[in-house]
Amino acid sequence: MYELYPYFTNDGTVGLFSCVENDIYHSTYGALSESWSKFIIPSHFEDYLVTHDEVKILDICYGIGYNTKTALNVFVKNYFKNKKKLNSKQHRLMRSSIAAIDTNNAGTGEVEKFYNKDVGFFKKILQKILLRFKSAPSCIVAIGGDNIKDARVKEISKNCNKILIDAVDSDNILIDISPFVIKEQKFNFGFARKKNYNNYLSTTNIKYQQINTIRNPTKKINKKFKLKEETLIIILQKLFEQNSEFFDDPNLQQILTAKKYSPFFSKYMLNFARFCQNRRCYLSKKQNKSTFVHNIYYRYLSKSYKNANDLLLNTQIELNLHKNDARKFIKANLSKYNFIFLDAFTPAKSPTLWTVQFFKELHVALEDDGMILTYSNSAAIRNAFLQNGFYVGKIYDENLKKFTGTVAVKNEYLIEHKLSDYDLDLIGSKAGVFFQDENLESDSHTIIKNREKETESSNLPSSSKIVKGYKKNHAKEL
């Protein structure tokens, strides 16, 4: 049986604990907040969407999808923001220009009767006509059609309307549950769900007391970043496109229906998955009434569902969820990306995706003006990037007032925060000895042991000596 160990992080989103590594997957200060602060904000992703027609992303170690979700979320918000601007522009054009009136209703003669009238008079008559044809679904009135079309083309050309994401993870179950994980914890959720969560914490066989101590549950929750429901719907629909039977997997169903996990999963998304399974069926038997209700709700009432369909119809969203070892994927992949989110498990415990050979493949996969972002501050990781010809910089978190990650680029001018002399000295010490995996197929234990041997035999200064020296002479820089 597949065991899942979720918990709530400080921003109310769900984090996971790994029993294999005896460590957490997500930052305790907030799983979603970490994605925003370490990947989306430092990449200036929102600005990128405004100045480019398309964006290509590689998400390494997708997990339950926070990095992909945040990127998609920005894309979704950008689309509706631009649509609102476009509608406003259309409205202004309608008020100032009347180029044509088209309708396929029987009332064409009545529309044509007022076609040559002045603008002010026409506006009054138009209101009456629209009211009269309100119940006619085929009534289409186009005013200044050519001008509006031109304005739409100009508006859209300034903003991104195509996104491609290749998301890779070797854990099939984590990928499959990703759209069902709730957006954030409702701290006023029902008594039954709260009781399930408390029972879950008290009966689980891992050290949740230790996690909660680290998590600091009394700390104020950061609600700055929120996911839109449309983002989860799009991911779920893409999963169904790739495998229409994925929702029937027994292991997945066992997790999604377990009472102890109920506080972590969205009932809305679970019902939507059932709708996706049955939406082509029109059943009337008593046992299938729930299917009929779901069809009615999602087709005609759910705003999120309508918005998601609007996005899929009017933009190009290509989301490929690869259930594979990222090393195998990157060797076979020929695509190039604008952004690579490297969110693999901590290199000290699982270095397979942090080796100098793997970074060589990432260099090939990155566009000339692309950017690799990761949460790691490790000297060994930064050295591995440098060995492959990258320019390397740091990620600075304005809220935490400290450096929280690393960026690697081919274009030096994209670096905002350069490595300090202290960082470079650490890279030149034993701490900077990088991980190696010659054929990209060694296990973590072998990679770690080989690095330990190389570090022991190295004549490089120790990292402790570097740290002590800088603490004494360069306190302000640290």
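Keep in mind the model is a prediction, meaning the values are calculated, not measured.
Residues Trp354 and Thr346 share a closest heavy-atom pair of NE1-C, 4.2 Å. Between Ala326 and Val168, the shortest heavy-atom contact is CA-CG1, 3.8 Å. Here the closest non-hydrogen pair linking Gly393 and Ile415 is N-CD1, 3.5 Å. In terms of heavy-atom proximity, Lys323 sits nearest to Asn172 at CB-OD1, 3.2 Å. Taking every heavy atom of both residues into account, Ala380 and Arg451 meet most closely at CB-NH2, 3.8 Å.
At distances below 3.5 Å, at least one donor-acceptor pair connects side-chain atoms of Gln242 with backbone N or O atoms of Leu321. A donor-acceptor contact shorter than 3.5 Å is absent between the side chain of Ser37 and the backbone of Asp397. At distances below 3.5 Å, at least one donor-acceptor pair connects side-chain atoms of Asn82 with backbone N or O atoms of Asn78. For Ser442 (side chain) and Asp437 (main-chain N/O), no donor-acceptor pair under 3.5 Å exists by modelled atom type. A donor-acceptor contact shorter than 3.5 Å is absent between the side chain of Asn161 and the backbone of Thr315.
Taking the ring centre of Tyr375 as origin, the terminal cationic atom of Lys38 falls outside the region bounded by 6.0 Å and 45° from the ring axis. Judged by the 6.0 Å and 45° rule, Lys83 forms no cation-pi pair with Phe80.
Between His44 and Tyr48, the ring centre distance reaches or exceeds 6.0 Å. Between Phe339 and Phe39, the distance separating the two ring centers is not shorter than 6.0 angstrom. Taking the six-membered ring wherever Trp is involved, the centroid distance between the rings of Phe435 and Phe358 does not fall below 6.0 Å.
Classification of the Tyr396-His417 ring pair by plane angle, with boundaries at 30° and 60°, yields tilted.
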**Request:** List the steps and the verdict of salt bridge (Lys or Arg N to Asp or Glu O under 4.0 Å) for Lys238 and Glu318.
**Result:** CA-CA 8 Å; Lys238 293 298 180 180; Glu318 187 176 342; over 6 Å; no
**Message:** Let's go through Glu361 and Lys331 carefully: what are the C-alpha distance in whole Å and the side-chain angles of both, what is the deciding distance for salt bridge (Lys or Arg N to Asp or Glu O under 4.0 Å) to 0.1 Å, and is it a yes or a no?
**Reply:** CA-CA 7 Å; Glu361 299 293 336; Lys331 284 199 293 185; over 6 Å; no
**Audit row: Thr446, Asp443, side-chain hydrogen bond (donor to acceptor under 3.5 Å, both in side chains) steps and yes/no** = CA-CA 6 Å; Thr446 301; Asp443 57 39; 2.7 Å; yes
**Request:** May I have the step-by-step check of ring pair (Phe, Tyr, Trp, His ring centres under 6.0 Å) for Phe272 and Phe180, ending in yes or no?
**Result:** CA-CA 10 Å; Phe272 179 70; Phe180 302 104; 9.4 Å; no
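Other residues, nucleotides and ligands contribute more than 12 heavy atoms inside 6.0 Å of the NZ atom of Lys410. No more than 12 heavy-atom neighbours from other residues, nucleotides or ligands sit within 6.0 angstrom of OH on Tyr391. Within a 6.0 Å sphere centred on NZ of Lys336, other residues, nucleotides and ligands contribute more than 12 heavy atoms.
Contacts of Leu414 classified as side chain to side chain contact (heavy atoms under 4.5 Å, CB included), with partners at least two apart in sequence or in another chain: Met371, Val409, Asn411. Residues satisfying the side chain to side chain contact (heavy atoms under 4.5 Å, CB included) test with Thr352, not counting sequence neighbours, are Arg327, Ser350, Ser444, Ile447. Residues passing the salt bridge (charged side-chain N to carboxylate O under 4.0 Å, His left out) test with Glu416, sequence neighbours excluded: none.
The pair Lys260-Glu3 meets the salt-bridge criterion, with a side-chain N (NZ, NE, NH1 or NH2) lying under 4.0 Å from an Asp/Glu carboxylate O. Between Lys56 and Glu367 there is a salt bridge, with a side-chain nitrogen of the basic residue lying less than 4.0 Å from a carboxylate oxygen of the acidic one. Salt-bridge formation is detected for the pair Lys394/Asp423: a Lys NZ or Arg NE/NH1/NH2 atom is positioned less than 4.0 Å from an Asp or Glu carboxylate oxygen.
Remark: the Asp249 side chain and the Gln253 side chain contain no N/O donor-acceptor pair separated by less than 3.5 Å.
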